[in-house]
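As structure tokens, the structure follows; a few thoughts come after it.
First listed ligand is number 1; within each ligand, the first listed atom is number 1. This chain uses plain numbering: 1 for the first residue, then up along the sequence. Every value quoted in this text rests on a predicted model; they were computed, and no experiment measured them.
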Amino acid sequence: MTARPFGTSDRLRPFGESVFATISRLAARYGAVNLGQGFPNFDGPEFVKDAAIRAIREGRGQYARTFGLPEVTRAVAARFRATSGVEVDPDAEVTVTSGCTEASAAVMLGLVNPGDEVVLVEPFYDSYPACVAMAGGTVRTVRLRAPDFAFPLEDLRKAVGPRTKAILVNTPHNPLGRVLTRAELEGIAAIARAADCLVISDEVYEEIWYGEPHLSISTLPGMRERTVVLSSLGKTFSLTGWKIGWSIAPPALSAGVRAAHQFLTFCSATPLQRASVDALSAPRAYYEGLRADYRARRDLLLAELRGAGLDPYEPEGSYFVVAPHAGFGFAGDVEFVMHLVEKVGVACIPCSAFHMPGPDGCKDAEARSLVRFAFCKTPETLRAAGERLRSMGRVGRS
Ligand code: GLN
């Protein structure tokens with residue numbers, strides 16, 4: 001026996017287990033319809049799967065170039081040119097990673113020094129603050145607030161200072177479904193330029209929007225040189241388990257990302273990288289079909305939630321819907337989610353998990369007011385969730 005206190009490092013202990021792992025485990029234990037973790041319960045396209053099978057059969061089984069197979073970095077650059085109009089050098093500016101989650105870790109570890117500040121926008125994807133912590137950085141937060149979740153530019157101006165290394169922006173937004181407007185992005189860009197800091201732009205839901213199209217902040221004046229764009233194959237091609245993501249950034253920033261990436265994973269799975277070339281060459285009709293499918297799924301889930309007495313916010317993008325639980329008589333989002341998963345048989349995510357954890361969990365009433373439902377599910381699954389939710393008694397709305 002050792003007397004030394006072995007265990008999780010001080011850097012990571014505050015973050016506990018990822019909410020997605022917890023909720024998927026609970027959903028399985030209680031046999032709940034799982035609208036928690038954002039993974040499609042349908043398969044990715046046959047043409048992409050076939051390409052991966054071909055790559056395996058052709059013997060593409062060894063390590064790839066660390067920052068990505070040349071044909072993949074070229075395909076990412078070509079797709080970025082098609083969507084944003086911006087020309088990037090695939091050899092110097094694109095880095096293929098094991099999903100966007102690894103890309104965000106590599107960005108933080110490769111570009112943030114201990115003591116640097118990174119501004120995060122609550123509610124946020126739970127891995128961001130953990131990645132900042134791994135890099136020894138300090139998190140500052142601003143918050144998107146109901147009812148319109150408009151970007152709080154004034155708060156951002158106050159949160160940014162001489163130690164700010166980067167502002168992390170996510171649009172289309174997980175979990176709120178906001179698609180930031182040109183005016184909002186111009187506001188953020190002006191603040192980043194004035195503070196001479198970087199912007200890390202998580203754009204994994206770039207193809208999933210229902211009104212105004214997605215706009216990358218990297219395309220605004222003076223932003224290309226200070227922005228790291230992150231995206232992935234997972235959401236656009238319903239292949240979240242393939243873990244193929246990438247960063248796009250000018251050479252000096254890409255050098256930092258690559259410095260970390262080579263020691264994190266060295267390279268991402270070669271045959272899956274190879275297949276992403278076929279994915280990224282999909283015709284325009286593929287993306288239009290994806291959006292039409294998701295619009296139908298969104299509208300179905302909104303109707304099901306409304307039918308159950310919830311009052312969801314209509315998302316402009318992404319595949320998530322948030323709704324307040326006020327009126328159902330629960331102290332917080334975690335209590336409501338536990339009731340749903342155990343007694344009603346539907347799993348969803350408590351949005352307090354997308355806020356900075358306090359010393360004994362998140363106690364902030366605003367952070368605990370919303371729950372998130374994922375609609376990257378078949379219509380049958382969304383209807384089954386609705387049916388169960390309708391069985392839930394209401395305790396009067398506030
Ligand atoms: N991005 C997904 C979500 O928000 C989950 C990713 C993960 O589980 N690591 O649901």
Quiz item: Is K243 touching ligand 1 with its side chain, its backbone, both, or neither, if touching means heavy atoms under 4.0 Å apart?
Solution: neither
Quiz item: Is it the case that one hydrophobic cluster holds both V142 and L370, taking links as side-chain heavy atoms less than 4.5 Å apart, direct or via other members?
Solution: yes
Quiz item: Closest approach of P129 and M356, non-hydrogen atoms and distance?
Solution: CB-SD, 3.7 Å
Quiz item: If we only count N/O pairs under 3.5 Å, is Q37 in contact with ligand 1?
Solution: yes
Self-check item: Interatomic spacing from NZ in K158 to CG in L153 - rounded to 0.5 Å
Solution: 11.5 Å
Quiz item: Where does Y125 meet ligand 1, judged by heavy-atom distances below 4.0 Å: at the side chain, the backbone, both, or neither?
Solution: side chain
Quiz item: Where does N174 meet ligand 1, judged by heavy-atom distances below 4.0 Å: at the side chain, the backbone, both, or neither?
Solution: side chain
Exercise. Just say parallel, tilted or perpendicular for the rings of H339 and F330, cut-offs at 30° and 60°.
Key: tilted
Quiz prompt | Nearest-contact summary for atom 2 (C) of ligand 1 - protein heavy atom, Å | solution = G38 N, 4.1 Å
Practice problem: Check whether more than 12 heavy atoms from other residues, nucleotides or ligands sit under 6.0 Å from atom CZ of F263, and answer yes or no. | Solution: no
Quiz item: Closest approach of S231 and C100, non-hydrogen atoms and distance?
Solution: O-CB, 4.0 Å
Quiz item: Can you list the atoms of ligand 1 that are under 4.0 Å from a heavy atom of K235?
Solution: 1 (N)
Quiz item: Looking only at heavy atoms of T101, does any of them come nearer than 4.0 Å to an atom of ligand 1?
Solution: no
